[in-house]
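Hydrogens, waters and symmetry mates are skipped; everything else that's a heavy atom, side chains included, is used. Chain naming here is simple, since letters A, B, ... match the order of the sequence lines and numbering starts at 1 in each.
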Amino acid sequence: MIRKEIENLLRSYLSELGFDYDFVVEIPEEQFGDFSTNVALVGAKYFKKPPRDVAKYFIDKLTGHPMFKEITIAGPGFINFRVSNEFYRDFLARYIQSPHSIWTFKRTGKILLEYGSANPTGPLTVGHGRQIVIGDVLGNVLRYVGYDVTKEMYINDAGRQIKLLARSVWVRYNQLHSREEEIPEDGYRGEYVIDIARKVQVDHGDRFVGVWNEEVEEIFREYALGEIMKMFEVSLEKIGAKFDSTYSEKSLIDDGTVQEVLGILRNKDLIYESEGAVWLKVSKFIKENDKVLVKSDGSYTYFLTDIAYHYKKFRRGFDNAIDIFGSDHHGHIPRMVAALMALDIPEDFVTFVLHQFVTLKRGNEIVKMSTRAGEFVTLDELIDEVGKDAARYFFAMVDVNTHLNFDLELAKAQTNDNPVYYVQYAHARISSLFEKATEKGIEFKLLDGIELLNHDLEMALIKLISSFDDVLERIVEKLSPHYLTDYLEDLASLFHRYYADVKIVDPEDPKLTNGRLNMCLGVKIAIAEGLKLLGISAPDKM
RNA sequence: GCCCCCAUAGUUCAAAGGAUAGAACGGCGGAUUCCUAAUCCGCAAAUGGAGGUUCGAUUCCUCCUGGGGGCACCA
């Protein structure tokens, strides 16, 4: 917030001279100042003057501004600012009165955020967990800064995989009736397949034993899908992820969208038949081979239905779509872009976010995961073991582009090793401070005593609170949630330091105590807001 | 072979083209008659290699090396 105000100030001085170029205002090392800018360094070539002379122009303009207590030129031409304590106190007062409306986000538009999309052929795994948490948190942040966000999960309920599952369930069902059948080579072997088979057995007895046709397949498909979706719901509830909608791949076939898309492409002469299949002229748009849309057996590829899905997203009136995929999908992206071009959908309509994989570790041992072999750690198992808060925190805490090493032992540790507790503890400590104050007969009054705040750490904490909006802007820009966990750790750390340094509740000086509690309230609100965006609880007691 | 991501301290991760590359864990050494020690303070410890762009590169470009993933009429 304060950073942004300085940036705006500098920009207005630039425009007075008719200049408009990129520069940054950032928080430097403490010794240099509260804020720092390279506006003079970058400006040298526009002003046609040495950086230090350019800096003088800004300093003349800024001198006497109430926001600052000191402005200096340093090094090759940085301008360093010290913000006045009055300004910090004023910010704190404004913040604790209206922590939501103080930020000036200028983001609008309807965004469809797709993530967690999974084959409904088995339980959600740890890999899905990362994607779901990334998506959930990004969705929360995008919403916070002003976007109208729809969180959507795409259900791949139409392809070959779901058929394989249906067949696998049928085989297990037969085995329950002592009839030996072979699970298909690529079939599903997990325990849950037997559970689904039991459901069919309960409802239908033995009427499908040894009977396999399209009608039976459809029945088994419905059972499998229904049961898996129930499992998904339980898992999503556990991880605390709320979707606004699910979107069925099959519905795109049933409602004619797929045919519509094929029609458009055919009219534009962008598809052709070969070897009994229908192909899209991908090579006309990008340097890649053409791709099959309709297989020779008449069924549709995932590529085609996904094109239809994105066509539908566009038609549903969204301004932008954000797709979050695992990194194994990266090959899909250029093809999708080509397909969107083929449909005259603006290239920048979709933003793709790829996240790297998760390696699960128990101590030094790597835990293997594979859905089809039936050997996996499910998301449920993970949450049962480490808890929702730790699971979410760990999934969110590294850059989406970085491979995540998820250490089960660390996530479980109820000790200071664990960053989740570190942040939560800061929140709980503040709550207990308020209790303590009441105990000692100090009745908390909002805003009272803020004018007495003067400690360096108090100013530093307020400064950090004021950069909450910068953190969110960055998350939106880079589409990675880890900036938020970083920020919360910084804030918690600074608070713990302050707590160790300053006796906050001091019955001898109730006025100052009250001022400090106001500052603590600011920290508490900021931590709570951050944790809320992460979907993690902010406990008052630990 | 082609494509994507990654390479930073012993380990797991940060870093808005900027000033002395930050944390955490681990290691070593300290702190509480006082608000929650799930805390705090101090010390040691790192940009894989070679070029290039720039006043300035962990960051951008090229090549090399090493890891992960992908190159289906699977999703």
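- In this structure, His332(A) has its ring center closer than 6.0 angstrom to the ring center of Tyr302(A).
- Nearest nucleotide to the side chain of Val505(A), out of C40(B), C35(B), A75(B): C35(B).
- Looking only at atom types and distance, the side chain of Tyr309(A) has no donor-acceptor partner in the side chain of Glu249(A) under 3.5 Å away.
- Side-chain proximity of Ser432(A) to A16(B), G18(B), C35(B): nearest is C35(B).
- At a cut-off of 3.5 angstrom, counting only N and O atoms as typed in the model, there is a donor on one side and an acceptor on the other between the side-chain of Gln31(A) and the base of U20(B).
- Of the candidates A75(B), A15(B), G69(B), the closest approach to any side-chain atom of Tyr483(A) belongs to A15(B).
- Taking OG1 of Thr72(A) as the reference point, atom CZ of Phe81(A) lies at 9.0 Å (rounded to 0.5 Å).
- Relative to the side chain of Gln356(A), the nucleotides A75(B), G68(B), A16(B) differ in distance, and G68(B) lies closest.
- Contact annotation: side chain of Thr402(A) to base of C6(B), donor-acceptor pair absent below 3.5 Å.
- Which of A37(B), A75(B), C13(B) sits closest to the side chain of Arg429(A) comes down to A37(B).
- Between the side chain of His330(A) and the base of G69(B), a donor-acceptor pair under 3.5 Å is found.
- The base of A75(B) does not come close enough to the side chain of Asp328(A) for any donor and acceptor atom to sit less than 3.5 Å apart.
- A46(B) is unpaired under the criterion used here, namely a Watson-Crick or G-U wobble arrangement in which both key atom distances are under 3.5 Å.
- Each of Glu477(A) and Ala118(A) has a nearest nucleotide on RNA chain B; the 5'-most of these lies closest to Glu477(A).
- Ranking C40(B), C73(B), C6(B) by closeness to the His496(A) side chain, first place goes to C40(B).
- Nearer to the 5' terminus of RNA chain B, by closest-nucleotide assignment, is the contact made by Ser493(A) (compared with the other of Ser493(A) and Glu275(A)).
- Applying the 3.5 Å distance criterion, the base of C6(B) shares no donor-acceptor pair with the side chain of His403(A).
- Comment: Glu435(A) engages Lys541(A) in a salt bridge, judged by a side-chain N to carboxylate O separation of less than 4.0 angstrom.
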